[in-house]
Each structure stands twice: as structure tokens, then as C-alpha cells.
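From a predicted model like this one, the values you see are computed outputs, not experimental measurements. Below, read A as the first sequence line, B as the second, and so on, with proteins coming before strands; counting in each chain starts at 1.
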Amino acid sequence: MSKKEVINRYSLIINRIRKSPATLKDINNYLERESEIQGYDFRISKRTLKRDLEDIFSLYKIDIQYDFSTKVYRIVSQDEPDLNNRMLEAFDTFNALNQTEGISRFIHFEKRRPNGTENFHGILHAIQNSKMIKYIYHKYWNDEISTRLIAPYGLKEFKNRWYVIGKDEKDGEVKTFGLDRITQLEITAKKFNYPSGFDLNERFANCFGIINPKDLKPEKIVLSFDVEQGKYIKSFPLHSSQQVLKDNAQEFQISLNVLTSFDFIMEILSYGDRVKIIQPKGLRNEIRNIYMRALENFR
DNA sequence: AATCGTGGCGCCTTCACTTG
DNA sequence: CAAGTGAAGGCGCCACGATT
């Protein structure tokens, strides 16, 4: 049995158990069917299954355990569900893109610039080991290029982009840098002390997007969407603080507790005439002014 | 020749269910 | 309700054949 077949078998086992919890017999039936399709013999003994499950855990961090009360193997949801879901998602995409040849005719990829994930691993390593990082940064807004020395605290994702949050040595401010804007990353030998009170999730709890201005306080925001848009907002909440206030034939109303940062205003604008701002007045006026000015552009 | 992947064996553990 | 039972997995160990 070659390496390729073994890896293939791991995927099959994961796929089977993800569909529904399964007994050893179920798994072997599934493997037998796949053996006929793929022309290998994937069937395994109980001993090998046990070893495979260990390998799967160490490779993919997918924890499959036997549940004695229902007599089946199932994926144990971890204490980090976000991480777990993302791993499974990546696993699906990887397998699908990997197994088929000549797929570009059938898949339309979004054209996007590289998102800087090649630096992801290096930065994460620096964070875990409290090592300063140095890189060249191109700002989003202008052509300014600068060399930065940063004490990295964490990584954050927003709208499919990744950002590193860290303290800039130059002025001691904690800032956010887009990974796709970073070049010539260098992990220095210089250590820093991770600030004891810093909690990444807490810091961004009330934040929409990556900008976290100090002078803004989170506000209670009430939004009313039309019914169609409401369906989308219901399945993809804008923010973890989202609560449904009204859900009827006329409108879909929610409340949020977030900072009204630039990112948030852009988000509201992206819903155009499908959203009304019920509360607060300040935000309502701000958005109205933007639309007024925008109208000028169409005269 | 050395290593690796695998299955079988034997004994242990776990858990649900039965029995008195 | 405690003890016993059975079914199934867990796991260390070893042999065998395939792979490198």
C-alpha cells in the first residue's frame, strides 16, 4: 500500500464519518464501495482503523472517537470550533481540487491578489515564540513604503483577508497590518514580552473589521432589512453580537453592539436601499450625508 | 538489508443491559 | 441496587509481506 493510497484512505474515512457517525462495519462497507470505484483495496482491520484515527488526528487535527453509548465513531467537536470548521473546509477544497485533473474548465476562481498567506506560518511562529518581526509594508491608501519592526500579538481575518496585529516599535502603538501588503518578512532573534492583559478576541469583540479606533465606544445599533436581504443576514450574521429583534413579513430587524468604524459604515453602504438605520441618530445622519454627497456625483 | 504498513492475537477497558 | 455478562473497541506485541 503506497503513501498515496494511505492518504486517500484517510480522506475516505473522514468523509464517511463526516456524513454520519459510523460503526467499523459501516466504514468498511464504504471503503469497499470506494475500492471498486478506484481500483484499490481500501478495507482495513480494527487495528489499522485505530492507527489511522491517530494519524488523522496528528495530521489534520480531526478528532474521531468511539462513542460507546451509540456504538459509533464520530467527530468530536473541539473546544475551538472555528479552527475545526476551517480545517474541514480547507480539507474539502484541497481534496476536491487535488483529485480531479483538468478542472479549470469547470471552476471559475475569483480573481484576487495573493492574500499574503505565505507569511502566515512564519508570523504565527513568531507570535508563539514572542519574536519581533521585520518587514516592508506598502500602505493600502497611498504609495508609502516603510520598513517596520513589530512585536506581533495575533492574526485576524476579515473578509477573506488576513491581518497581523502588533505593537509598532517606532511609536509603541498597537496596529493592524494586511498580510498581502507585507514583503520581505524577517523573523528576528529579538524577543519581546507578550503583554499580560492582551486578549485578541476581547480586543476585537465589539469591532467590525480591522480598524479599532481608541476614541470610539461601541454603540447599540438597530438595523432594519427588507425581507429578502433579511434571509441573508439571518444565515450570515454581520457580527457575533447580532440579535434578532423582529422577523416578520414586513422586515427583519436586528441589533448589534459594535464600533461605528469605517469598515462598518462601508458594510452598511453595501446594502444600499435594503437597510434602514433605526438607531442611533448619529450614524443615521452620517450615512445620509454620504448618500447626499454621492447623489451629487450623478447629477 | 532495513524499514514500513498491516492484520491477528490476547488481554484489558468501557459501557449498556440483565439478573437476582 | 449491586453484581454479572456480553459486545465492542483499545492497545502492546509480533509476524509477514511489500516497499525502498
Side-chain angles (χ1 to χ4, degrees), chain A residues 1-107 109 114-131 154-155 157 162 179 185-187 189 199-201 235 240:
Chain A
M1 192 139 299
S2 73
K3 281 255 164 30
K4 192 181 160 194
E5 288 166 62
V6 172
I7 298 287
N8 205 341
R9 191 178 67 212
Y10 293 162
S11 335
L12 290 172
I13 293 171
I14 295 168
N15 284 337
R16 175 59 191 86
I17 296 176
R18 277 184 76 191
K19 259 184 221 137
S20 66
T23 62
L24 170 59
K25 223 176 206 167
D26 294 337
I27 294 167
N28 257 328
N29 285 339
Y30 180 75
L31 290 176
E32 193 172 352
R33 273 209 311 279
E34 287 298 321
S35 303
E36 283 166 23
I37 297 167
Q38 304 197 26
Y40 297 109
D41 189 3
F42 288 120
R43 285 168 305 160
I44 49 168
S45 66
K46 135 189 152 178
R47 190 72 191 83
T48 304
L49 177 68
K50 180 68 188 99
R51 276 191 286 248
D52 280 5
L53 295 183
E54 279 168 18
D55 289 345
I56 286 169
F57 182 70
S58 68
L59 275 175
Y60 307 113
K61 297 285 174 296
I62 298 171
D63 192 4
I64 297 167
Q65 282 183 17
Y66 188 72
D67 177 351
F68 275 95
S69 61
T70 46
K71 295 195 196 313
V72 286
Y73 289 91
R74 55 157 45 97
I75 297 179
V76 180
S77 54
Q78 292 156 313
D79 35 333
E80 297 184 85
D82 290 345
L83 180 64
N84 197 21
N85 284 336
R86 196 54 72 89
M87 297 282 297
L88 291 173
E89 225 171 76
F91 184 77
D92 285 339
T93 315
F94 181 80
N95 277 327
L97 298 182
N98 197 25
Q99 284 185 3
T100 335
E101 271 169 47
I103 49 173
S104 52
R105 270 202 311 142
F106 309 116
I107 299 179
F109 289 99
N115 58 9
T117 42
E118 73 270 18
N119 289 327
F120 196 98
H121 191 253
I123 295 177
L124 189 59
H125 177 266
I127 294 169
Q128 287 176 316
N129 294 286
S130 299
K131 282 184 175 162
L155 287 156
E157 186 186 30
W162 283 95
L179 255 56
L185 174 74
E186 193 187 310
I187 296 153
D199 183 331
L200 188 69
N201 289 314
S235 51
S240 57

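In this structure, the side chain of A:Ser11 engages the main chain of A:Ile7 through a donor-acceptor pair within 3.5 Å. Checked by atom type and distance alone, the side chain of A:Ser35 pairs as donor or acceptor with a backbone atom of A:Phe42 at under 3.5 Å. In terms of modelled atom types and a separation under 3.5 Å, the side chain of A:Thr117 and the main chain of A:Phe120 share no donor-acceptor contact.
A donor and an acceptor atom sit less than 3.5 Å apart, one in the side chain of A:Arg51 and one in the base of B:dG7.
Checking B:dG7, C:dG10, C:dA8 against the side-chain heavy atoms of A:Tyr73 singles out C:dG10 as nearest.
For the pair A:Tyr66 OH and B:dT13 C1', the computed distance is 13 Å after rounding to whole Å. One interatomic measurement links the two molecules: NZ of A:Lys50 to P of B:dG10, which rounds to 22 Å at whole-angstrom precision. Between the C1' atom of C:dC11 and the CG atom of A:Asp52 lies a distance of 15 Å, rounded to the nearest Å. Taking atom CD of residue A:Gln65 and atom C1' of nucleotide C:dG10, one finds them 12 Å apart after rounding to whole Å. Between A:Phe68 atom CZ and B:dC17 atom P the separation is 14 Å, expressed in whole Å. Per the geometry, CG belonging to A:Asp67 stands 12 Å off P belonging to C:dG9, to the nearest Å. As rounded to whole Å, 13 Å separates atom P of B:dC4 from atom CG of A:Asp55. Between A:Asn28 atom CG and B:dT6 atom P the separation is 13 Å, expressed in whole Å.
As judged by a 4.0 angstrom heavy-atom cut-off over every strand, A:Leu49 is placed among residues making no nucleic acid contact.
Sequence order on DNA chain B of the closest nucleotides to A:Ser69 and A:Lys46 puts A:Lys46 first from the 5' end. Each of A:Lys25 and A:Arg47 was matched to the nucleotide of DNA chain C holding its nearest heavy atom; the match closer to the 5' end belongs to A:Lys25.
Contact annotation: A:Ser45 side-chain N/O to B:dG7 OP1/OP2 distance is under 4.0 Å.
Contact check for A:Arg9 versus A:Ile44: side-chain heavy atoms found under the 4.5 Å cut-off.
Around the NZ atom of A:Lys19, the shell of radius 6.0 Å holds more than 12 heavy atoms that belong to other residues, nucleotides or ligands.
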